[in-house]
Each structure stands twice: as C-alpha cells, then as structure tokens.
Amino acid sequence: MEGEKFLSIYKRLLKFFGFQNWWPVHTENHLVEISFGAILTQNTSWKNVEKALKNLIDNDLMDFEKVSFTDKKRLQEIIRPAGFYKRKSETLIQFSKKVKNIEKNSITRDFLLSIKGIGKETADSILLYALDKPYFVIDAYTKRIFSRLGLIDKNMDYDQIQRIFHKNLPDDIQIFKEYHALIVKLGKNFCKKKPECRNCPLFANCRFRIYNV
DNA sequence: AGCCAGGCCAAGC
DNA sequence: GCTTGGCATGGC
C-alpha cells in the first residue's frame, strides 16, 4: 500500500533528523514573517533570506501596514540580499496592501494566487505554516527526492503531486509541517542535485542509490 | 570560478 | 496548452 510508504518514510526521516519544528521565526508576528519569508525564499537560499529578514526587522518593517506604504526603492535595498529584489519588493508591497485589512480566515488559496509573485508553493507555505491549513507544500526538493524514490513521476505538475501526498497521508497539519521540513533537511544534506547517498536515511527505499556508493 | 538555492511570470512556439 | 528565458544575490 502506497500510503504506508509515505508514512514510513516520514517516520524514518523523523527518527533520523529529529523534529525540525518549522517554520523558523524571530518575531511574534508569525503571519507577517512567514509570508515574507515564503516570498523571499523563492528560488533563493535560506541564508540569503535570513539577511533580508534581519534587515526588515532592523528597519521596523515586519508589518503589513508599514510595508504597504514603504517606498519601493527603499524596500528593494532592504531585501536586496535575497535576490530578485525588484520583483519581490513589488510582491511584498502588493501582498501587504491586500492582506492588511482583511480577516485571517478570508485568506484562501485563490486569494493568495491572485497576487502577482505568489504561486502555488508560496501560497501553500503561507496556508500551512502561518494559517494551519492542510496544504502539503511541494517544492524542488520534494519533486527531486520522491521521483528518485520512484513514488512520483518526473513530469507530474504541482497539483498532481500534491494530490498524491494528500491521498497517502493522514489529514494532519502537524505531519504536513514536519514532513516538508524533513524533506528540505534531507534535500540539503543528502539528496542534493548531485546526491550523496552514503549514509542517507532513505538508502534502503531508493532506486537511485547507484550514486556515490 | 562556476553552480546552486525552500519559484514565478510572460513570451514564444 | 507546454516550454523557455529572465530575474539577482551570496555561499560553497
């Protein structure tokens, strides 16, 4: 049964790495910080995002109201270390303008996807980690790892892959959160573009252990 | 010193 | 509809 595979892989990763307790935050305002972090980390290393987040905090801009009125050029300089800073600053401002005056429970997936610069992964990250809604986050690591494991097809699109996770896992946001965090951990430490299969906790499950053994 | 990173959008077939 | 190029920084 496929479902047991997805859950047993989760358990193995959890046992190996321990709880990741995502999403990492530094301030009290989780919705703001997780949303901004999710936008800033698009195709960008988290280390660079951390610099941009620190700049936002130091400039007292971890706030929808303030960002919505911040000069675009100034915001660009503040988030510059995260790369793609012109596009991302525009997205941060538009997102802040739209979200600052509405109730949390009216932030739906469609609402998020209507904002230019927010796609499916960013939307689902915000929904899951900031709003506790059961959307499994599919990112580049997820695609790479699970296609190497032979559990998804390389050419499946985002929604198809997400459906597989939803179908094969209990509907439990704690598991969704932790599993995605563990996938990122595995992707960074072992299942890199050029994989380091030696000592990988999923070695026994994997088709691609031909690499580097 | 290239390659890579917790994507997304708009053009071009 | 699907594929491709552009966006940008800093770490390794």
Side-chain angles (χ1 to χ4, degrees), chain A residues 10 13 17 19-26 30-56 58 72-96 98 109-131 133 135-148 152-162 165 173 175-196 211-212:
Chain A
Y10 167 67
L13 291 174
F17 289 116
F19 273 102
Q20 303 302 299
N21 202 23
W22 264 27
W23 187 286
V25 288
H26 316 82
H30 290 192
L31 175 58
V32 178
E33 191 175 343
I34 292 169
S35 305
F36 287 0
I39 291 165
L40 291 171
T41 198
Q42 292 168 359
N43 203 41
T44 300
S45 70
W46 185 253
K47 285 190 175 169
N48 286 2
V49 176
E50 287 280 14
K51 295 172 192 295
L53 290 174
K54 182 180 189 313
N55 287 346
L56 285 166
D58 291 348
K72 199 184 299 177
K73 290 283 181 191
R74 182 178 167 230
L75 189 58
Q76 284 179 14
E77 291 313 306
I78 287 169
I79 67 163
R80 175 184 277 270
F84 305 121
Y85 55 84
K86 290 181 183 168
R87 166 116 38 127
K88 287 174 179 175
S89 63
E90 186 60 37
T91 302
L92 290 179
I93 290 170
Q94 292 310 316
F95 175 72
S96 297
K98 286 199 176 186
R109 196 170 196 255
D110 284 340
F111 170 84
L112 292 170
L113 292 176
S114 74
I115 297 162
K116 188 173 14 168
I118 295 186
K120 289 171 182 173
E121 186 192 332
T122 307
D124 288 341
S125 298
I126 295 169
L127 290 165
L128 178 63
Y129 288 104
L131 298 168
K133 296 186 180 179
Y135 293 85
F136 201 92
V137 176
I138 309 300
D139 65 349
Y141 291 130
T142 312
K143 292 173 194 160
R144 189 163 73 213
I145 291 168
F146 283 81
S147 63
R148 283 176 179 169
I152 65 171
D153 238 2
K154 259 202 138 94
N155 48 15
M156 286 181 180
D157 66 25
Y158 189 100
D159 293 319
Q160 290 177 296
I161 299 171
Q162 189 181 53
F165 278 85
I173 57 167
I175 292 178
F176 283 20
K177 288 181 180 182
E178 191 59 27
Y179 204 162
H180 175 65
L182 289 163
I183 286 168
V184 172
K185 186 84 174 177
L186 183 76
K188 284 178 174 170
N189 288 284
F190 295 99
C191 206
K192 308 173 183 180
K193 208 154 213 177
K194 182 174 163 50
E196 296 173 11
Y211 291 98
N212 295 339

Got a list of protein N/O to nucleotides 10-12 of chain C N/O distances below 3.5 Å?
residue, atom, partner, partner atom, Å
C:dG10, O4', A:N48, OD1, 3.1
C:dG10, O4', A:N48, ND2, 3.1
C:dG11, OP1, A:K51, NZ, 3.2
C:dC12, OP1, A:K47, NZ, 2.7

Please tabulate the protein-to-nucleotide N/O contacts below 3.5 Å involving nucleotides 3-6 of chain C, giving atom names and distances.
residue, atom, partner, partner atom, Å
C:dG6, N2, A:R87, NH2, 3.1

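Across residues 111-126 of chain A, not one residue has a non-hydrogen atom less than 4.0 Å from an atom of DNA chain C. Using a 4.0 Å cut-off on heavy atoms, the residues of residues 32-44 of chain A that approach DNA chain C are A:N43, listed by number.
Between A:D139 atom CG and B:dC4 atom P the separation is 17 Å, expressed in whole Å. The distance between atom NZ of A:K143 and atom C1' of B:dG7, rounded to the nearest whole Å, is 8 Å. The separation between A:E90 atom CD and B:dC8 atom C1' is 14 Å, rounded to whole Å. Remark: P of B:dC8 and CD of A:Q94 are 17 Å apart, rounded to the nearest angstrom. In this structure, A:L75 places its CG atom 15 Å from C1' of C:dA8, rounding to the nearest Å. If you take CG of A:D159 and C1' of B:dG7, they are 15 Å apart, rounded to a whole angstrom. In this structure, A:Q160 atom CD and C:dC2 atom C1' are separated by 13 Å, rounded to whole Å. C:dC7 atom C1' lies 12 Å from atom CD1 of A:I79, rounded to whole Å.
Sorted by first then second residue, the salt bridge (Lys or Arg N to Asp or Glu O under 4.0 Å) pairs that include residues 33-53 of chain A, not counting sequence neighbours, number zero. Within the structure, side-chain hydrogen bond (donor to acceptor under 3.5 Å, both in side chains) pairs that include any residue of residues 117-128 of chain A comprise A:Q42-A:T122, A:R109-A:D124, A:K120-A:D159, A:D124-A:Y158, A:D124-A:Q162 (at least two apart or interchain). For residues 177-189 of chain A, the pairs satisfying side-chain hydrogen bond (donor to acceptor under 3.5 Å, both in side chains) are A:D132-A:K177, with sequence neighbours left out.
Residues passing the ring-ring contact (aromatic ring centres under 6.0 Å, His included) test with A:F84: none are found, sequence neighbours excluded. Under the ring-ring contact (aromatic ring centres under 6.0 Å, His included) criterion, A:Y135 pairs with no residue, sequence neighbours left out. For the side chain to side chain donor-acceptor pair (under 3.5 Å) test, no residue two or more places apart in sequence or in another chain qualifies with A:T41. With sequence neighbours excluded, no residue forms a side chain to side chain donor-acceptor pair (under 3.5 Å) with A:T91.
The backbone N or O of A:D157 lies less than 3.5 Å from a partner atom in the side chain of A:Q160, making a donor-acceptor pair.
Secondary structure note: stems in DNA chain C built from 3 or more consecutive Watson-Crick or G-U wobble pairs under 3.5 Å occupy B:2-5 with C:9-12, B:7-13 with C:1-7.
Atom name P, nucleotides C:dA8 and B:dG2: the rounded distance is 22 Å, in whole Å.
The pair A:R87-A:E90 fails the salt-bridge criterion, with no side-chain N (NZ, NE, NH1 or NH2) lying under 4.0 Å from an Asp/Glu carboxylate O.
Within the 4.5 Å cutoff, no side-chain heavy atoms of A:I79 are placed close to those of A:N55. Between A:P81 and A:K54, the closest side-chain pair of non-hydrogen atoms is not below 4.5 Å.
Separation of atoms NZ (A:K154) and CZ (A:R144) is listed at 9.5 Å; rounding is to 0.5 Å.
Using cut-offs of 30° and 60° for the angle between ring planes, the A:F146 and A:F165 rings count as perpendicular.
Of all the heavy atoms in A:L13 and A:L182, the pair that sits closest is O-CD2, 3.7 Å. Here the closest heavy-atom approach between residue A:I152 and residue A:T142 is recorded as CD1-O, 4.3 Å. The two residues A:A38 and A:W23 make their nearest non-hydrogen contact at N-CZ2, 3.8 Å.
Nucleic acid contact class of A:A140 (heavy atoms, under 4.0 Å, all strands): sugar-phosphate only.
The shortest distance between the side-chain N/O atoms of A:Y85 and the OP1/OP2 oxygens of C:dT9 is below 4.0 Å.
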